[in-house]
K.L.:
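Before we start, here is the structure in question, set down as structure tokens.
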Amino acid sequence: QVHLAESGGGSVEAGTSLRLSCAVSGDPDMTYCMAWFHQGQGKEREGVATIDGAGSSSYADSVKGRFIISQDNANTVSLQMNSLQPGDTGQYFCAAVKWSRGAYCLSRLPEDSYPYWGQGTQVTVST
């Protein structure tokens, strides 16, 4: 069983930065495709960034050049969000799926591909 817990959300002004963290606990012998999803109010969840077990990352066009996903250590995946915009407001979820080399791990992987989810953290960006 994999447990995910997000932290680091908050209320900020447009143009500033936030760093979200996802604490991961599970089988230490497994590797995962880790993802961050964004859900705006009244909208579906959309993948914004992924990182695989080899450290390769992928980004949605809406955040490319502004957000950076990283595997900080064996138990933490972070999302550095820069130049935040009001459209970035919403719940951010960390998700995971078991991964092996050669497996697909890109930001457009749909949410039903991920069996493990955190509870989410709120980000509010004001003008």
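These numbers come from the heavy atoms of this one structure, side chains and all, not from hydrogens, waters or symmetry mates.
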K.L.:
So, do Gln85 and Ser62 sit near enough that their side-chain heavy atoms are less than 4.5 Å apart?
P.N.:
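No. Closest side-chain heavy atoms not under 4.5 Å.
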K.L.:
Answer with yes or no whether the hydrophobic clustering places Leu20 together with Ile68; edges join I, L, V, M, F, W, Y residues whose side-chain heavy atoms lie under 4.5 Å apart.
P.N.:
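Yes, one cluster joins them.
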K.L.:
Check for a donor-acceptor pair, side chain of Ser83 on one end and backbone N or O of Arg66 on the other, with a separation under 3.5 Å.
P.N.:
no
K.L.:
Going only through I, L, V, M, F, W and Y residues with side-chain contacts under 4.5 Å, is there a path from Val77 to Leu106?
P.N.:
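Val77 does not cluster with Leu106.
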K.L.:
Mark yes or no for whether Glu6, through its side chain, and Gln119, through its backbone, hold a donor-acceptor pair below 3.5 Å.
P.N.:
yes
K.L.:
Check whether any side-chain N or O of Ser21 sits under 3.5 Å from a backbone N or O of Ser78 as a donor-acceptor pair, and report yes or no.
P.N.:
no
K.L.:
Could you tell me the separation between the OG atom of Ser57 and the NZ atom of Lys64, rounded to the nearest 0.5 Å?
P.N.:
10.0 Å
K.L.:
Taking the side chain from Thr121 and the backbone from Gly9, do they hold a donor-acceptor pair closer than 3.5 Å?
P.N.:
yes
K.L.:
Which distance, rounded to the nearest 0.5 Å, do you find between the CD of Gln39 and the OG1 of Thr89?
P.N.:
13.5 Å
K.L.:
So, does Tyr59 use its side chain to make a donor-acceptor pair with the main chain of Ile69 at under 3.5 Å?
P.N.:
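Yes.
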K.L.:
Please examine the side chains of Tyr32 and Asp27, heavy atoms only from C-beta on, and report whether any two atoms are closer than 4.5 Å.
P.N.:
yes
K.L.:
Can you spot which of Thr50, Val97, Leu4 makes a side-chain contact (heavy atoms from CB on, under 4.5 Å) with Met34?
P.N.:
Leu4
K.L.:
Any side-chain heavy-atom pair from Leu109 and Tyr114 closer than 4.5 angstrom?
P.N.:
yes
K.L.:
Quick check on the hydrophobic clustering: are Ile51 and Phe93 connected, directly or via other members, by side-chain heavy-atom contacts under 4.5 Å?
P.N.:
no
K.L.:
Is any side-chain heavy atom of Val24 closer than 4.5 Å to a side-chain heavy atom of Tyr116?
P.N.:
no
K.L.:
Could you tell me which non-hydrogen atom of Ser17 sits nearest to which non-hydrogen atom of Val12, and how far apart they are?
P.N.:
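Looking at all heavy atoms of both residues, the closest pair is O-CG1, 4.4 Å.
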K.L.:
So which heavy atom on Gly53 is nearest to which on Thr31, and how close?
P.N.:
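Taking every non-hydrogen atom into account, CA-CB, 4.5 Å.
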K.L.:
For residues Trp99 and Met30: do they belong to one hydrophobic cluster (side chain heavy atoms under 4.5 Å, members Ile, Leu, Val, Met, Phe, Trp, Tyr)?
P.N.:
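Cluster IDs for Trp99 and Met30 differ.
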K.L.:
Counting C-beta onward and ignoring hydrogens, is there a side-chain heavy-atom pair between Asp52 and Tyr104 closer than 4.5 Å?
P.N.:
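When only atoms from C-beta onward are counted, Tyr104 and Asp52 do not touch, as no gap falls below 4.5 Å.
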K.L.:
Considering all heavy atoms of both residues, which atom of Ala60 and which atom of Ser107 are nearest to each other, and what is their separation?
P.N.:
N-OG, 3.4 Å
K.L.:
Just checking Arg108: does its CZ atom have more than 12 heavy atoms from other residues, nucleotides or ligands closer to it than 6.0 angstrom?
P.N.:
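Not buried by this count: 12 neighbours or fewer within 6.0 Å.
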K.L.:
Would you find a donor on one side and an acceptor on the other, under 3.5 Å apart, between the side chain of Thr76 and the backbone of Asn73?
P.N.:
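Pair absent, no side-chain N/O of Thr76 close to backbone of Asn73.
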K.L.:
Rounded to the nearest 0.5 Å, what separates atom CD in Gln41 from atom OG1 in Thr124?
P.N.:
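Nearest 0.5 Å value for the CD-OG1 distance: 9.5 Å.
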K.L.:
Tell me whether the centres of the aromatic rings in Trp117 and Phe37 are closer together than 6.0 Å.
P.N.:
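So the answer is yes for these two rings.
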K.L.:
Does Asp88 reach the side chain of Leu18, with side-chain heavy atoms less than 4.5 Å apart?
P.N.:
no
K.L.:
With under 30° as parallel and over 60° as perpendicular, where do the rings of Tyr92 and Phe67 fit, or are they tilted in between?
P.N.:
tilted
K.L.:
Quick one: pull up CZ in Arg19 and CG in Asp72 and give me the separation to the nearest 0.5 Å.
P.N.:
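That separation rounds to 5.0 Å.
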K.L.:
Side chains of Leu84 and Glu13: closer than 4.5 Å at any heavy-atom pair?
P.N.:
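When only atoms from C-beta onward are counted, Glu13 and Leu84 do not touch, as no gap falls below 4.5 Å.
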